[in-house]
Amino acid sequence: MTHNVLITGGAGFIGSRLVIALLKKDPACKIWVFDNLHPQVHGDHPATPEFGAGVTFVKGDVTDAHALTNVVKACNPQIVYHLAAETGTGQSYDEPTRYCAVNVLGTSHLIEALRTQTDVKKVVLAASRAVYGEGGYIDAKGIEFVGLPRQPETMASGDFSVPVPAGIELPTRPIPSHAGLPPAPASVYASTKLMQEYLLCQAGEGSPWDAVILRFQNVYGPGQSLRNPYTGVLSIFARQILSGAELAIYEDGNIARDFAYVDDIVGALVSAGNTDVKHGTIMDIGSGEPVTILDMSKMLMRALGKRDDALKITGAFRIGDIRYACANITAAREIMNWHPQISVQEGVIRLAEWAKTEFSNVQG
Ligand SMILES: NC(=O)c1ccc[n+]([C@@H]2O[C@H](COP(=O)([O-])OP(=O)(O)OC[C@H]3O[C@@H](n4cnc5c(N)ncnc54)[C@H](O)[C@@H]3O)[C@@H](O)[C@H]2O)c1
């Protein structure tokens, strides 16, 4: 069935590839992209994105309730993808009001705008694994628990381990995060992303639409802004490597992340929009494989044709950075028959090829 689709943040890294994927799946669908072309992501003088036939681009801000309502009325969507967000974990400490305005208030504006329409069936949220904080662990007795926040004083002494609650029996080991774990956001960004989930789930009760929550891990791939210093560790690293800088690796290099290739993320979004799921369903989306930042940096250096030792493990740390992140993708497999297609090795090669050509444009 052909749909009208609204994508907030649809000019961004994930959103712009989502537009292409939706048109490929259904060339007859009508897509509205609502995006403020944030200068941090798109530069100071961004060109109006050209998506081609079937796509209407509206420049606007989710903090502007009136503009959002107008685009919702014009689009009359059956499916809504909510991607517009402020996305920098570190930056969210410095600008909590802006993060709340865009991520939280922007979502409540969207909810009220959707109430002006009757055809909306599905709202898919680009959520984040950040809501888990330090994430899931299992103790010697097989008890699952959420790691406690790490303290700056302990980390400054070189101890990067994750504290455990009282009564937990050592040794412990991290486990891939799943929706059964209680949320424990460790940054302002994470708190605002959790609030987006709560708002959509609560407001969706008794409404004609179902909310689907996809908690993404670290998304990477061609198209991620090389100019935004606040997001996308691999894009930031690619830029630094290409400019000849030595990479500074935080902590002891053993921070682990689940790197999810952008087209796999887009595949999950498309599936979520087109699969019957219960209102409020949460799915974790990632590769399902943890990789340390040290190993990933070396892989990227080699893919960019550089020596893989131009790096320094600094012992420095950032408050709010978590130690281990990995998705348990069982729910997405079972509910949507979704599974990642691109290995990390292949994805890094694709990112490197793109970054080499893009780097000169960003410099210019
Ligand atoms: N990239 C990741 O690793 C990752 C991980 C977890 C969750 N997510 C979530 O996925 C979504 C998309 O992320 P992305 O990586 O494509 O980021 P991105 O910054 O490339 O895209 C976000 C888009 O939203 C737009 N935008 C920002 N503020 C806006 C506002 N106030 N009004 C309207 N548009 C606005 C930006 O111009 C941009 O085009 C976000 O909600 C993010 O929280 C991303």
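Note that ligands are numbered from 1 as they come in the structure, with each ligand's atoms numbered from 1 the same way. Note that this is a predicted model, so its numbers are computed, not measured.
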Should [X] be counted as touching ligand 1, given the test is an N or O pair under 3.5 Å?
| X | result |
| --- | --- |
| Ala127 | no |
| His38 | yes |
| Val219 | yes |
| Asn36 | yes |
| Asn218 | no |
| Phe34 | no |
| Ile14 | yes |
| Tyr189 | yes |
| Phe13 | yes |

Within ligand 1, which atoms have a heavy atom of [X] less than 4.0 Å away?
| X | answer |
| --- | --- |
| Lys193 | 40 (C), 41 (O), 42 (C), 43 (O) |
| Gly60 | 32 (N), 33 (C) |
| Thr87 | 40 (C), 42 (C), 43 (O) |
| Leu37 | 37 (O) |
| Phe216 | 5 (C), 6 (C), 7 (C), 8 (N) |

(request) Say whether Gln91 and Tyr99, considering side chains only, have a donor N or O and an acceptor N or O under 3.5 Å apart. (result) yes
(request) Would you please say whether a donor-acceptor pair under 3.5 Å links the side chains of Asp139 and Thr172? (result) no
(message) Which residue in the set Asn4, Asn76, Thr69 passes side-chain hydrogen bond (donor to acceptor under 3.5 Å, both in side chains) when paired with Gln117?
(response)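 The residue from Asn4, Asn76, Thr69 that satisfies side-chain hydrogen bond (donor to acceptor under 3.5 Å, both in side chains) with Gln117 turns out to be Asn76.
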(request) Answer side chain, backbone, both or neither: which part of His82 comes under 4.0 Å from ligand 1, heavy atoms only. (result) neither
(request) With atom 19 (O) of ligand 1 as the reference point, say which of Val41, Leu105, Ile7 has the nearest heavy atom. (result) Val41
(request) May I ask you to decide if Pro176's main-chain N or O and Asn328's side chain share a donor-acceptor pair within less than 3.5 Å? (result) no
(request) Drop me the distance from Ile241's CD1 to Lys356's NZ, to the nearest 0.5 angstrom. (result)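 It comes to 11.5 Å.
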(message) Taking only non-hydrogen atoms of Ala11, do any sit less than 4.0 angstrom from ligand 1?
(response) yes
(request) Return the residue, atom name and 0.1 Å-rounded distance of the protein heavy atom closest to atom 32 (N) of ligand 1. (result) Val62 N, 3.0 Å
